[in-house]
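A quick write-up on the structure given underneath.
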Amino acid sequence: MRILVVGGGGREHAICWALKKSPKVTELYCAPGNGGIASVAECVPIQVNQFEEIAQFAIDHTIDLVVIGPDDPLSEGIVDHLEAKGLTVFGPRQNAAIIEGSKVFTKQLLRKYNIPTAAYESFEQYEDAVAYLRGQQAPIVIKADGLAAGKGVVVAQTLEEGEKALHDIMVAKVFGESGNQVVIEEFLTGQEMSILSFVDGETVCPMVPAQDHKAVYDNDKGPNTGGMGTYSPLPHIPQAVIDESIETIIKPTAKAMVAEGRPFRGVLFAGLMLTPNGPKTIEFNARFGDPETQVVLPRLKTDLLDIFLAAVNGRLDQMEIEWSEEAAVCVILASEGYPASYPKGLPIEGLEDVQDSIVFHAGTAVKDGGVVTNGGRVLGVTALGRDIAEARAKAYADADRIRFQGKHNRTDIAKKALV
């Protein structure tokens, strides 16, 4: 089969890496890809928002399946566009991708179907939002309604911080149109957990759980990023809690989307908080998480292409999906200054010295025959081991072997699992 993956980050590198292992894949393309993806797929210089060019490439190259990686094109309707051209696509249609594209929609859906989530109110007017905020207690969470590259959520430690966030989002429009509405919601405490699921309408096949580290510095300090590292499994979280999350949140949400005439087909990513009152929904994403994918797919034993095909053909209920017992830890190597501004084009050394890890390229490019930095999150160093401790030791040893100017990484990824 001939496969086209759309995207160019660490998530797409992990997807291409997993698809490459399938004996059924004869040709693998990635648009636009990156410096690392080029080693497993043929990179095509088409951007993720160039729907017409993607469709034409897929038709010209008789592509059997198009796999959509990032959130923006999903929310903008790439699946509908490609399907209208007769192409087979793995990913949710636009009316289902709204579960990520609009936080207001998602909160209203959860409220309507009594699915556990934080208490909230949503606002279109800045003055109304400020008036409501002033009657609340800090810490409190402010969310821009639309997509904001993983940066549209502010955990305000004081009401003053909350007011600044509202002004930034709704008045200064730091996230553009994504800030036309906001959600103000209660701050939940507890452990966070990510569960990605293959979904085909009401059929939900959960993947192994993972835990991300959003803050840029150790001990969850500093601004939130797209994710500084992740690990799986979560030995410190009881299986009963994981099962409860699936039964009370993920399955009912898939069912609710069908009831709303928005059947979800693709990967549904649930960001959950394990509170003293049980699991609650923080957010849903309409695609593989990044960097969660970089620890989940290395643990997948079943052929990923078989799962994709089962989902697009409505046969997911017939799949038996197997997972490795091994643990996986991913350490993100970021550019100096990330998540604010950062330099690009810095040479990366030591990639050939890596011994025990898979290195997924997130923000890299090839220049003059060498690999250079080309993003905020540059590389994800993922290692497998008998347990978290072994996988973690391998990942950090290899992370230290890679060098570029200003390299920054957290040193406490997966530490919570060692207690």
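Just so you know, these numbers come straight off a predicted model, no measurement behind them.
Atom CG in Leu351 sits 6.0 Å away from atom CG in Leu379 (nearest 0.5 Å). Taken to the nearest 0.5 Å, the CD atom of Glu160 stands 4.5 Å off from the OG1 atom of Thr158. Taking CG of Leu268 as the start and SG of Cys205 as the end, the distance is 12.5 Å to the nearest 0.5 Å. Here CG of Leu133 is found 6.0 Å from CD of Glu163. Values are rounded to the nearest 0.5 Å. The CD1 atom of Ile3 sits 5.0 Å away from the CG atom of Leu65 when rounded to the nearest 0.5 Å. In this structure, the separation between CE on Met193 and CD1 on Ile237 is 5.5 Å, given to the nearest 0.5 Å.
Under the 3.5 Å distance criterion, the side-chain polar atoms of Arg287 are left unmatched by any main-chain donor or acceptor of Ile68. A donor-acceptor pair under 3.5 Å links the side-chain atoms of Thr302 to the main chain of Glu322, judged by distance alone. Side chain of Glu390 to main chain of Gly385: no donor-acceptor pair is present (N/O by atom type, distance under 3.5 Å, no hydrogens or angles). At distances below 3.5 Å, at least one donor-acceptor pair connects side-chain atoms of His13 with backbone N or O atoms of His361. In this structure a side-chain-to-backbone donor-acceptor pair under 3.5 Å is present from Asp398 to Ser357. Judged by distance alone, with hydrogens and angles left aside, the side-chain atoms of Thr382 form a donor-acceptor pair with the main-chain N or O of Gln294 at under 3.5 Å. Distance alone, capped at 3.5 Å, is enough to place a donor-acceptor pair between the Arg262 side chain and the Asn95 backbone. The closest donor-acceptor contact from the side chain of Thr373 to the backbone of Gly345 lies under 3.5 Å. Checked by atom type and distance alone, the side chain of Asn34 pairs as donor or acceptor with a backbone atom of Gly8 at under 3.5 Å.
Between the side chains of Ser102 and Asp145, at least one donor-acceptor pair of N or O atoms lies under 3.5 Å. Under 3.5 Å, the side chains of Gln211 and Tyr231 contain a donor-acceptor pair of N or O atoms. With 3.5 Å as the limit, one finds no donor-acceptor pair spanning the side chains of Thr225 and Arg377. Between the side chains of His81 and Glu52, at least one donor N or O sits under 3.5 Å from an acceptor N or O.
Aromatic ring pairs are classed by plane angle as parallel below 30°, tilted from 30° to 60° and perpendicular above 60°; the pair Phe57 and Tyr29 is perpendicular. Ring geometry, Phe288 versus Phe90: the interplanar angle falls from 30° to 60°, so the pair is classed tilted. Ring-plane geometry between Phe198 and Phe308 is classed as perpendicular, the angle between the planes exceeding 60 degrees on a 0 to 90 degree scale with a lower cut at 30.
Under the 4.0 Å criterion applied to side-chain N and carboxylate O atoms, Asp168 and Lys164 are assigned as salt-bridge partners. Here Arg93 does not pair with Asp80 in a salt bridge; the nearest charged N to carboxylate O distance is not below 4.0 Å. A salt bridge is absent between Lys214 and Glu283; no separation between the charged side-chain nitrogens and carboxylate oxygens falls under 4.0 Å. A salt bridge is absent between Glu320 and Lys301; no separation between the charged side-chain nitrogens and carboxylate oxygens falls under 4.0 Å.
When every heavy atom of Gly350 is checked against every heavy atom of Arg403, the shortest pair comes out as N-NH2, 4.0 Å. In terms of heavy-atom proximity, Arg2 sits nearest to His61 at NE-O, 2.6 Å. Residues Arg11 and Pro70 share a closest heavy-atom pair of NH2-CA, 3.4 Å.
By the 6.0 Å contact criterion, CD on Gln405 is open, its count of non-hydrogen atoms from other residues, nucleotides or ligands being 12 or less. Annotation for Lys367: atom NZ does not count as buried by contact number, only 12 or fewer foreign heavy atoms lying within 6.0 Å.
Side-chain contact between Asn285 and Asp71 is absent, with no heavy-atom pair separated by less than 4.5 Å.
Listed by first then second residue, pairs satisfying ring pair (Phe, Tyr, Trp, His ring centres under 6.0 Å) with a partner in residues 161-183 read Tyr126-His167, not counting sequence neighbours.
For the salt bridge (Lys or Arg N to Asp or Glu O under 4.0 Å) test with Asp412, the passing option among Arg410, Lys416, Lys415 is Arg410; the others fail.
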